[in-house]
2 protein chains.
Amino acid sequence: MEISDGRELSAQKVRYLKFIAEKGGRVRTTDLAGEFGVDPSTITKTIAELAKTGLLSHEPYHGICLTAEGQRYARYLVKRHRILSLMLTHYGFSHEQACEEAKRFESYVSKDAVDRICAAMGHPGQGVCGEITHDDGCLAREPAG
Amino acid sequence: MEISDGRELSAQKVRYLKFIAEKGGRVRTTDLAGEFGVDPSTITKTIAELAKTGLLSHEPYHGICLTAEGQRYARYLVKRHRILSLMLTHYGFSHEQACEEAKRFESYVSKDAVDRICAAMGHPGQGVCGEITHDDGCLAREPAG
DNA sequence: TGAAAAAGTTGGGCACACCCCAAAAATGGG
DNA sequence: CCCATTTTTGGGGTGTGCCCAACTTTTTCA
């Protein structure tokens, strides 16, 4: 895959992660399977791979939740989405259109670019689909424990 | 794949196609293999798949060139690249940085979005890495012959 | 002009991401 | 405590993209 966020997660894994973050708390296999229209077994397997990265923990039969590191990373993913969506609204996109379009390509935009765009827009506090937080300075450089 | 340009070409195929268009004329297997750092046999196989779409013709041992349809499509790809690069320069990217960043995600931006951004920028005639042409109105709706 | 070098193609195979199905296991409400 | 629901396991499939070895074609140049 050709991901540009400092981690080697595929676009699909990023989508799963973002969904888990936005839903919050304990997420069930069925929630993900329903949201993405895939078989639950697909979710189980993909979640197992994500768990190995340390971004989430999966207690079999009891749900999925993000680790502290996963939450920090997910905050970045959400921020990225909102920064890019906001950028698109500068080009005549409605909020909803911007949101949809950003989903298409956000996984392929480098963190460096997101930071730059964020800075150029004056670190906005409000995006098109929610608040924008600016606390991702230490992404992917956290001790394991 | 999750491509958003109205065709179902993967990002990699799009890169190959864009390279062929930018180089112009008859392109050799070796040119592509060198540019992308892959084995020549990989190029041969991928080109065979692209040839089936009618975007280019491949005369074995004698090179690759775009069909009229391929040229029209490639013009869109180049325009897309230049529009997105130009957009990025509005956020503090240098020309070269904008160009590199655009390459990362351009394949995932919908044609609709490119058109909208193009319009919002006033259909610019000059991009960061060359002229921008605006003749892609009839993409992907051309008779085969 | 003809053999060696270079360029290109074929066939086989590998890795990764992502997906589904059937069957088995675990959970939890009645 | 049983049965319906949820979830996991094991097996399998597809598509993309890549490499290697062996072979064919083209080109070069002595």
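Below, read A as the first sequence line, B as the second, and so on, with proteins coming before strands; counting in each chain starts at 1.
For A:Arg116, the side chain to side chain donor-acceptor pair (under 3.5 Å) criterion is met by A:Asp112, not counting sequence neighbours. Every residue meeting the side chain to side chain donor-acceptor pair (under 3.5 Å) condition with B:Glu49, not counting sequence neighbours, appears here in chain and number order: B:Lys13.
For the contact set between residues 34-42 of chain B and DNA chain C, defined by any heavy atom under 4.0 Å, the members are B:Pro40, B:Ser41.
Distance check: A:Lys23 NZ to A:Arg28 CZ gives 9.0 Å after rounding to the nearest 0.5 Å.
Side-chain polar atoms of A:Glu101 and B:Ser110 form a donor-acceptor pair below 3.5 angstrom.
Side chain A:Lys45 to base D:dG12: no donor-acceptor pair is found below 3.5 Å. Residue-to-nucleotide contacts include no donor-acceptor pair under 3.5 Å from the side chain of B:Lys13 to the base of D:dG17.
Ring pair A:Phe105/B:Phe105: centre-to-centre distance below 6.0 Å.
For A:Tyr61 and D:dA4, the OH to P distance is 18 Å, given to the nearest whole Å. Taking atom CD of residue A:Gln12 and atom P of nucleotide D:dT16, one finds them 16 Å apart after rounding to whole Å. The nearest whole Å value for the distance from the CZ atom in A:Arg15 to the C1' atom in C:dC19 is 14 Å.
Ranking D:dT8, C:dC18, C:dT9 by closeness to the B:Thr29 side chain, first place goes to C:dT9.
Taking the six-membered ring where tryptophan is involved, the planes of A:Phe36 and A:Phe19 are perpendicular, since the angle between them exceeds 60° and thus also 30°.
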